[in-house]
Amino acid sequence: MTKYAWMYRLGITPWERYGAVAGAQLGALLDREAETRSAGTGRALDIGCGRGQFTPELARRGWEAVGVDIVPEAIEAARSKEPAEATYVVSDATDLASANLGTFDLFIDIGCFQGLGKDQQAAEGRGVTALAAREATLLMLAFGPSRYRRLVEGVSQAEVEAAFPEWELLEVEDAATDGLGWPMNRTSPKWYRLRRPTR
């Protein structure tokens with residue numbers, strides 16, 4: 001069982017406490033995302049969706065939303081909350097191709113990528129790229145590296161870009177820190193927006 005799965009089993013899910021703050025900012029980013037798309041909304045994948053905290057935001061805005069998480073109990077909880085608005089699948093973020101999910105126009109990753117090792121991050125990058133439709137975009141929320149990295153996973157901009165070499169980094173925006181508490185409020189969380197260019 002992974003460390004992530006054990007945290008669910010033990011009821012230690014600090015990322016959910018950040019949900020209200022992250023969700024408000026995500027909503028604004030999703031509204032802006034829709035405005036920039038001439039074709040409107042399409043299919044969206046929430047990577048590491050947990051108990052479906054953010055996936056419904058996609059569905060409410062007209063996306064055909066799919067959430068994936070490696071923890072079956074989390075997926076069961078997500079399905080019980082929003083069974084009609086989104087689809088939830090047990091899947092490993094580092095092996096997305098095996099779930100036969102199809103292609104997506106938008107990906108969101110809120111805290112999943114930052115908890116992976118280097119090889120796993122690269123594997124997620126390859127999986128997302130393989131499932132990306134033309135000019136797909138990715139919105140990622142991740143804490144930055146800090147002296148508290150053992151307590152709070154974090155990644156740098158360079159690490160994000162290294163895992164998605166075929167993608168163009170469009171924007172980096174500071175994420176809200178309200179209500180984070182110590183030591184998360186010392187990690188400079190960022191929102192990253194990337195696009196897979198048309199080749």
Side-chain angles (χ1 to χ4, degrees), residues 1-19 22-23 26 43-59 63-133 136-143 145 149-155 159-160 162-164 167 175 184 187 189 191-192 194 196:
M1 182 177 290
T2 65
K3 172 186 171 184
Y4 175 63
W6 269 114
M7 292 179 78
Y8 265 108
R9 179 158 292 189
L10 295 172
I12 304 170
T13 55
W15 53 87
E16 292 185 342
R17 291 199 301 270
Y18 186 43
L26 173 64
R43 298 191 74 223
L45 182 65
D46 182 359
I47 304 166
C49 68
R51 291 187 272 218
Q53 192 166 22
F54 303 109
T55 320
E57 291 296 327
L58 294 165
W63 296 91
E64 182 184 337
V66 179
V68 297
D69 200 279
I70 198 172
V71 179
E73 294 84 359
I75 290 296
E76 288 175 16
R79 287 173 177 159
S80 70
K81 285 168 55 178
E82 300 281 352
E85 291 193 18
T87 300
Y88 295 97
V89 179
V90 176
S91 178
D92 188 341
T94 66
D95 187 21
L96 293 170
S98 67
N100 297 314
L101 299 168
T103 60
F104 294 90
D105 305 285
L106 174 66
F107 301 84
I108 65 171
D109 181 318
I110 303 179
C112 180
F113 179 85
Q114 70 181 33
L116 303 176
K118 290 280 191 299
D119 291 344
Q120 293 174 311
Q121 289 172 354
E124 179 182 324
R126 290 191 297 271
V128 167
T129 301
L131 300 184
T137 49
L138 164 66
L139 293 174
M140 178 186 291
L141 173 65
F143 293 111
R149 197 159 188 169
R150 285 191 173 184
L151 296 173
V152 183
E153 308 278 7
V155 294
E159 288 171 310
V160 173
F164 295 88
W167 294 64
M184 283 90 80
T187 60
W191 283 99
Y192 298 93
L194 299 92
R196 177 101 190 270

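Hydrogens, waters and symmetry mates play no part in the numbers below; they use all other heavy atoms, side chains included.
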Looking at side-chain heavy atoms only, is the closest gap between [X] and [Y] below 4.5 Å?
X: Leu138; Y: Tyr192; value: no
X: Val89; Y: Val66; value: yes
X: Val68; Y: Val90; value: no
X: Asp109; Y: Gln114; value: no
X: Met140; Y: Trp191; value: no

Set of ring pair (Phe, Tyr, Trp, His ring centres under 6.0 Å) partners for Phe107, sequence neighbours left out
Phe104
Please find the pair of heavy atoms, one from Ile75 and one from Gly67, that lie closest to each other, and give the distance.
CD1-O, 4.2 Å
Closest contact, heavy atoms only, Ala99 versus Ser91:
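Nearest heavy atoms, Ala99 then Ser91: CB-OG, 3.6 Å.
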Interatomic distance, [X] atom [atom1] to [Y] atom [atom2] [nearest 0.5 angstrom]:
X: Ile70; Y: Cys49; atom1: CD1; atom2: SG; answer: 12.0 Å
X: Cys112; Y: Asp69; atom1: SG; atom2: CG; answer: 7.0 Å
X: Leu139; Y: Ile110; atom1: CG; atom2: CD1; answer: 8.5 Å
X: Phe164; Y: Arg196; atom1: CZ; atom2: CZ; answer: 11.5 Å

Side-chain donor/acceptor pairs under 3.5 Å, residues 122-133, sequence neighbours excluded:
| residue | atom | partner | partner atom | Å |
| --- | --- | --- | --- | --- |
| Thr129 | OG1 | Gly125 | O | 2.8 |
| Thr129 | OG1 | Trp167 | NE1 | 2.8 |

Any salt bridge linking Arg51 with Glu73? Criterion: basic side-chain nitrogen under 4.0 Å from a carboxylate oxygen.
no
For [X], which residues count as a side chain to side chain donor-acceptor pair (under 3.5 Å) partner, sequence neighbours excluded?
X: Asp92; answer: Thr94
X: Glu64; answer: Arg43
X: Thr137; answer: Glu33, Arg37
X: Thr55; answer: Asp46

Quick one: do Leu141 and Leu26 satisfy side chain to side chain contact (heavy atoms under 4.5 Å, CB included)? Show the steps, please.
CA-CA 9 Å; Leu141 173 65; Leu26 173 64; over 6 Å; no
Look only at the side chain of Glu57 and the backbone of Phe54, and say whether a donor-acceptor pair between them is shorter than 3.5 Å.
no
Residue pair Ile108, Ile47: steps toward the side chain to side chain contact (heavy atoms under 4.5 Å, CB included) verdict
CA-CA 6 Å; Ile108 65 171; Ile47 304 166; over 6 Å; no
